[in-house]
Colleague: 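Can you keep this structure in mind? I'll have questions shortly.
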Amino acid sequence: MSMERDTDQQATTVRKFVQLPHIEVPKASDVLADTLRERILSGDFPEDTALPPERDLVTQAQMSRTTVREALRILEAQGFVRLKTGRAGGAFVRLPGEESVASTVSMFIKGRRIRMETLLETRETIEPMLAQLAARRRTDADLERIDAANAAMARSAGSLADFLQANVDWHVGVAEASHNELLVGLMSALSKAIYLSTENRSFVDENVRKATARAHEAVTQAIRDQDEAAAARRMSKHVHAYASAVKLVEDRVEIDVPAD
């Protein structure tokens, strides 16, 4: 009986040993998509050029046509290729742009339920630097975009939605004038998140609109004059005043935004 018990125990030990955890094996299409994506990012396939034809990918990767097509669809969904049909069709390379940063940051803000206070702190940190860089690097085309946003704010009159959109456009326009692609993407997501959170008439009233317009004009003038210190200082006062107003919104009568 003792030998039988020992044998049973040994059998149990062996069974436990060979019960390996479940290992996820990546799909062939995911592997191919990963490989092509890395080659795109490393520069093997420059932007706007075509990837090898589908039949060549089938041969090179030694995978089925269905697998290759699925891999290309994955890359399309991730924004790395655009697929065209027809005689001049194929998979044409795209590189991640500012919209990719904005989309990722927006999802992070929503998914993590980032608090308004955190959004405002981030804005106060980066926008003065953006204004400074804009004053240093702005072009005539940049100034046209910024001026157009200011004009749209002036025309918004009774439309809260138009005012908020013009406001976002101005802040993003200043960011674009910095010519820092990473910060542009971040600012795009940040501005939209903040202003969508303040979409109510009790806060964005006529006093707020007038104060915002004055502040924007002051910052814009500093950027036009390429006065980096003034641009940073005025933007800092503007975003700080807005942050303070949000925190005191229940008791707010108006926002006082110093011009300089």
Side-chain angles (χ1 to χ4, degrees), residues 24 26-43 45 47-48 51 69-84 91-131 133-134 145-146 149 152 160-200 203-204 212 235 238-240 242-243 245-247 249:
E24 289 288 344
K27 294 172 60 177
S29 57
D30 291 330
V31 174
L32 179 57
D34 290 345
T35 300
L36 291 172
R37 183 174 58 251
E38 288 304 313
R39 294 191 63 185
I40 290 171
L41 291 173
S42 65
F45 300 120
E47 189 170 17
D48 295 326
L51 292 180
R69 287 178 176 174
E70 186 176 346
L72 293 177
R73 283 194 292 269
I74 291 171
L75 291 176
E76 183 183 34
Q78 294 174 342
F80 284 94
V81 300
R82 62 183 186 280
L83 301 180
K84 292 184 179 180
F92 293 85
V93 175
R94 297 176 57 193
L95 292 177
E98 295 156 6
E99 70 281 357
S100 299
V101 179
S103 176
T104 300
V105 174
S106 293
M107 287 190 289
F108 178 81
I109 290 172
K110 292 178 182 177
R112 302 296 295 184
R113 304 291 192 273
I114 300 299
R115 295 177 304 141
M116 185 65 162
E117 182 180 0
T118 300
L119 295 177
L120 294 172
E121 286 176 355
T122 306
R123 184 185 179 211
E124 287 186 82
T125 300
I126 70 172
E127 284 216 70
M129 176 55 71
L130 283 171
L133 291 174
R145 283 193 295 270
I146 294 171
L160 176 61
D162 289 349
F163 171 82
L164 291 173
Q165 185 57 58
N167 203 355
V168 169
D169 291 344
W170 184 85
H171 283 275
V172 174
V174 171
E176 288 175 340
S178 77
H179 294 277
N180 182 309
E181 297 88 348
L182 185 58
L183 289 176
V184 172
L186 177 58
M187 196 60 221
S188 296
L190 197 62
S191 292
K192 290 173 184 175
I194 290 173
Y195 287 107
L196 286 174
S197 299
T198 56
E199 201 165 356
N200 66 80
F203 177 59
V204 188
T212 300
M235 181 67 88
H238 172 43
V239 294
H240 179 71
Y242 181 86
V246 170
K247 294 172 186 176
V249 65

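If you read the sequence from its start, that first residue is 1, and numbering goes on from there.
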Colleague: Determine yes or no for a side-chain-to-main-chain donor-acceptor pair under 3.5 angstrom, with Ser191 supplying the side chain and Ser188 the backbone.
Modeller: no
Colleague: Can you tell me how far the CG atom of Leu190 sits from the NZ atom of Lys192, to the nearest 0.5 Å?
Modeller: 12.0 Å
Colleague: Are the side chains of Val81 and Ile40 in contact, using a 4.5 Å heavy-atom criterion?
Modeller: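 Yes, side chains in contact.
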Colleague: Shortest non-hydrogen contact from Arg39 to Ser42?
Modeller: O-OG, 3.0 Å
Colleague: Kindly write out the residues that satisfy salt bridge (Lys or Arg N to Asp or Glu O under 4.0 Å) with Asp162, not counting sequence neighbours, or none if the list is empty.
Modeller: none
Colleague: Of all heavy-atom pairs between Val184 and Ala175, which one has the smallest distance, and what is that distance?
Modeller: CG2-O, 3.3 Å
Colleague: Less than 4.0 Å between a side-chain N and a carboxylate O, is that true for Asp48 and Arg82?
Modeller: yes
Colleague: Any chance you could measure Ser29, atom OG, to Ile74, atom CD1, to the nearest 0.5 Å?
Modeller: 4.0 Å
Colleague: Looking at every heavy atom in both Val174 and Ala131, which two are closest together, and how far apart are they?
Modeller: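 So the minimum-distance heavy-atom pair works out to CG1-CA, 4.0 Å.
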Colleague: Given the rule in the salt bridge (Lys or Arg N to Asp or Glu O under 4.0 Å) test, do Glu70 and Lys27 qualify, once you have shown the distances and angles that lead to the verdict?
Modeller: CA-CA 10 Å; Glu70 186 176 346; Lys27 294 172 60 177; 2.7 Å; yes
Colleague: Using 0.5 Å steps for rounding, measure from the OH atom of Tyr242 to the OG1 atom of Thr212.
Modeller: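 Going from OH on Tyr242 over to OG1 on Thr212, the span is 8.0 Å.
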Colleague: How many angstroms lie between atom CG of Leu75 and atom CG of Leu83, to the nearest 0.5 angstrom?
Modeller: 8.5 Å
Colleague: Could you please spell out the steps behind the side chain to side chain contact (heavy atoms under 4.5 Å, CB included) verdict for Ile194 and Met116?
Modeller: CA-CA 7 Å; Ile194 290 173; Met116 185 65 162; 3.8 Å; yes
Colleague: Hey, mind stepping through Glu176 and Arg145 against salt bridge (Lys or Arg N to Asp or Glu O under 4.0 Å) and telling me if it holds?
Modeller: CA-CA 9 Å; Glu176 288 175 340; Arg145 283 193 295 270; 3.3 Å; yes
Colleague: Which pair of non-hydrogen atoms, one from Ile109 and one from Ala189, has the smallest distance, and what is that distance?
Modeller: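 That would be CD1-O, 4.3 Å.
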Colleague: Among residues two or more places apart or on two chains, list those pairs meeting side-chain hydrogen bond (donor to acceptor under 3.5 Å, both in side chains) that have a residue in residues 111-120.
Modeller: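 Sorted pair list: Arg115-Glu117.
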Colleague: For Leu186, which of Leu130, Thr104, Val105 qualifies under side chain to side chain contact (heavy atoms under 4.5 Å, CB included)?
Modeller: Val105
Colleague: Not counting sequence neighbours, which residues clear side chain to side chain donor-acceptor pair (under 3.5 Å) with Glu127? List them please.
Modeller: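 Here the qualifying residues are Arg123, His171.
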Colleague: Give the intermediate values and the outcome of salt bridge (Lys or Arg N to Asp or Glu O under 4.0 Å) for residues Asp34 and Arg37.
Modeller: CA-CA 5 Å; Asp34 290 345; Arg37 183 174 58 251; 2.5 Å; yes
Colleague: In this structure, are over 12 heavy atoms from other groups packed under 6.0 Å from His240 atom NE2?
Modeller: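 No, the 6.0 Å shell around NE2 holds no more than 12 heavy atoms from other groups.
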Colleague: Is there a side-chain contact between Ile114 and Phe108 (heavy atoms, below 4.5 Å)?
Modeller: yes
Colleague: To the nearest 0.5 Å, how far apart are CZ in Phe80 and CG in Leu51?
Modeller: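 Going from CZ on Phe80 over to CG on Leu51, the span is 12.0 Å.
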